[in-house]
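Structure record follows, encoded as structure tokens.
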Amino acid sequence: MNTDQQKLAREFVSDFLNNTTLPTCDNEGCPYLRGMTARSEGFQVDGMMSEAVYRALLDKGFRRSGRVFYHPICRECDACMPLRVPVRAFSQTKSMRRVWRKNADISVRFGDYEPDDEKHGIYVRYLDAKHDRTMSSTFETFTAFLYDSPVDTREVCYEVDGKLVGVSILDFLPGALSSVYMFFDPDYADRSLGTFSILWEIEYCRLNGLAYYYLGYYVPGSKTMAYKARFGPAEVLCSDGVWNTLAAQEE
């Protein structure tokens, strides 16, 4: 995508956000910070969206869940900050290098980007092991969340001895990848597959000339989001709309 196309996409998104009143959604509890409430605004896309437009939305603080594009507008705080990794600046820590070596036997391939019973089974077991059962695990919800996308989305399959052990869903954007979600077989938890998938995907960006790897929201004070700050020096989008460097956190 050339500079003129990038500029047009940014102008389109700015005009849309400045002239549109977006629906809001209030939640009883914040999924990241205990004792807090959450509020977001967003919109749904029924057709396809230009990847350039989504990249511009990411740089305005939006994320995607299925066909819904949203960003937090909580009344009590503004802790959620979009985080991205500048690929050229990133370097693995000692513990990351151990994870990389430990998973040297993993085969990585781009899958069919289609939901099936095997992937859904891993997803259900992952939610049971990692989450508090607030997320629905039905096949219909699984499909709508991860396999119904209005942008260029693909899946990466992680396999050990031909067995599927993890799946990562990625949005392909001009000059960047955006991580949507990664789930893995909890029987292989000792491999740190979440960390390995991020390392593999950052390396994919480097080899393919992609400047940024978007990793969703970073929330200071949230244990479940703390790991993102390890992939530094990362950048976080602050309330003034500027990407600022976040120093790598201690492991």
Side-chain angles (χ1 to χ4, degrees), residues 55 58 63-64 81-111 113 119 122-123 125-127 129-131 146 152-220 222-237 243-251:
R55 172 73 190 273
L58 281 173
R63 289 286 290 169
R64 178 181 76 78
M81 297 184 290
L83 180 147
R84 69 184 186 183
V85 180
V87 172
R88 288 187 179 180
F90 173 74
S91 61
Q92 294 185 10
T93 64
K94 183 183 292 186
S95 69
M96 290 174 186
R97 290 194 292 271
R98 286 197 297 268
V99 170
W100 188 263
R101 291 192 298 268
K102 188 173 187 177
N103 290 287
D105 61 329
I106 284 186
S107 298
V108 184
R109 64 176 177 83
F110 284 96
Y113 190 57
K119 297 168 192 171
I122 295 173
Y123 177 76
R125 296 181 62 223
Y126 174 80
L127 291 186
K130 293 289 184 178
H131 292 276
L146 297 177
D152 180 9
T153 304
R154 310 174 202 178
E155 68 175 11
V156 178
C157 295
Y158 296 89
E159 299 176 338
V160 175
D161 296 328
K163 174 181 170 58
L164 182 66
V165 297
V167 178
S168 184
I169 306 297
L170 299 171
D171 288 336
F172 277 64
L173 308 170
L177 286 183
S178 176
S179 174
V180 178
Y181 200 74
M182 195 276 174
F183 58 96
F184 59 83
D185 186 335
D187 287 347
Y188 292 80
D190 63 338
R191 284 178 171 265
S192 301
L193 291 175
T195 296
F196 177 73
S197 68
I198 293 173
L199 296 176
W200 189 91
E201 289 155 19
I202 291 175
E203 180 65 6
Y204 178 90
C205 289
R206 187 185 69 80
L207 293 174
N208 288 275
L210 303 177
Y212 293 102
Y213 178 74
Y214 288 78
L215 198 50
Y217 294 117
Y218 169 64
V219 186
S222 169
K223 291 182 179 180
T224 58
M225 295 290 106
Y227 74 92
K228 297 181 181 183
R230 295 171 46 220
F231 296 89
E235 295 176 349
V236 290
L237 185 63
W243 289 98
N244 290 319
T245 300
L246 176 72
Q249 304 295 299
E250 294 292 333
E251 296 189 41

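With a 4.5 Å cut-off on side-chain heavy atoms, Tyr181 and Tyr123 count as touching. In this structure, the side chains of Val156 and Trp200 come closer than 4.5 Å at one or more pairs of heavy atoms.
With sequence neighbours left out, Arg206 forms a salt bridge (charged side-chain N to carboxylate O under 4.0 Å, His left out) with Glu203. Legend: residues meeting side chain to side chain donor-acceptor pair (under 3.5 Å) with Tyr213, ordered by chain and number and at least two apart, are Glu201. Here Tyr113 pairs with Tyr147 under the ring-ring contact (aromatic ring centres under 6.0 Å, His included) rule; sequence neighbours left out. Asp105 meets the side chain to side chain donor-acceptor pair (under 3.5 Å) test with Arg191; sequence neighbours excluded. Met81 meets the side-chain contact (heavy atoms from CB on, under 4.5 Å) test with Tyr218, Pro220, Val236; sequence neighbours excluded. Listed by chain and residue number, Arg64, Thr153 satisfy the side chain to side chain donor-acceptor pair (under 3.5 Å) test with Asp171 (two or more places apart in sequence, or in another chain). With sequence neighbours left out, the side-chain contact (heavy atoms from CB on, under 4.5 Å) criterion links Phe172 to Phe110, Asp152, Arg154, Leu170, Leu177, Tyr204. Judged as a salt bridge (charged side-chain N to carboxylate O under 4.0 Å, His left out), and not counting sequence neighbours, the contacts of Arg109 are Glu159. Annotation: side-chain contact (heavy atoms from CB on, under 4.5 Å) contacts of Ala89 (sequence neighbours excluded): Pro86, Pro233. Applying the side chain to side chain donor-acceptor pair (under 3.5 Å) criterion to Ser91, with sequence neighbours excluded, gives no partner residue. For Arg101, the side-chain contact (heavy atoms from CB on, under 4.5 Å) test picks out Arg97, Arg98, with sequence neighbours left out.
For the residue pair Ala176 and Leu210, the shortest heavy atom distance occurs at N-CD2, 3.9 Å. Closest approach of Tyr212 and Cys205 over heavy atoms only: O-SG, 4.1 Å. The two residues Pro186 and Ala129 have their closest heavy-atom pair at CB-CB, 3.8 Å.
With values rounded to the nearest 0.5 angstrom, Ile202 atom CD1 is found 6.0 Å from Phe231 atom CZ. Rounding to the nearest 0.5 Å gives a distance of 6.5 Å between CG of Leu83 and CG of Leu246. The CZ atom of Phe183 sits 12.0 Å away from atom CG of Leu193, with the distance rounded to the nearest 0.5 Å. Taking CG of Asn103 as the reference point, atom OG1 of Thr195 lies at 9.5 Å (rounded to 0.5 Å). Rounding to the nearest 0.5 angstrom, the gap separating the OH atom in Tyr214 from the CZ atom in Arg55 is 3.5 Å. Note that CD of Gln92 is 10.5 Å distant from CZ of Arg230, once rounded to the nearest 0.5 Å.
Between Phe184 and Tyr126, the ring planes are perpendicular. Angles over 60° get that label, and only those under 30° would be called parallel.
A donor and an acceptor atom, one from each side chain of Ser178 and Arg63, are located under 3.5 Å apart.
Side-chain atoms of Lys102 come within 3.5 Å of backbone atoms of Asp190 as a donor-acceptor pair (strictly under, hydrogens ignored). A donor-acceptor pair under 3.5 Å is formed between the side chain of Asp185 and the backbone N or O of Asp187.
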Result block: side-chain N/O donor-acceptor pairs under 3.5 angstrom for residues 160-167, not counting sequence neighbours:
none

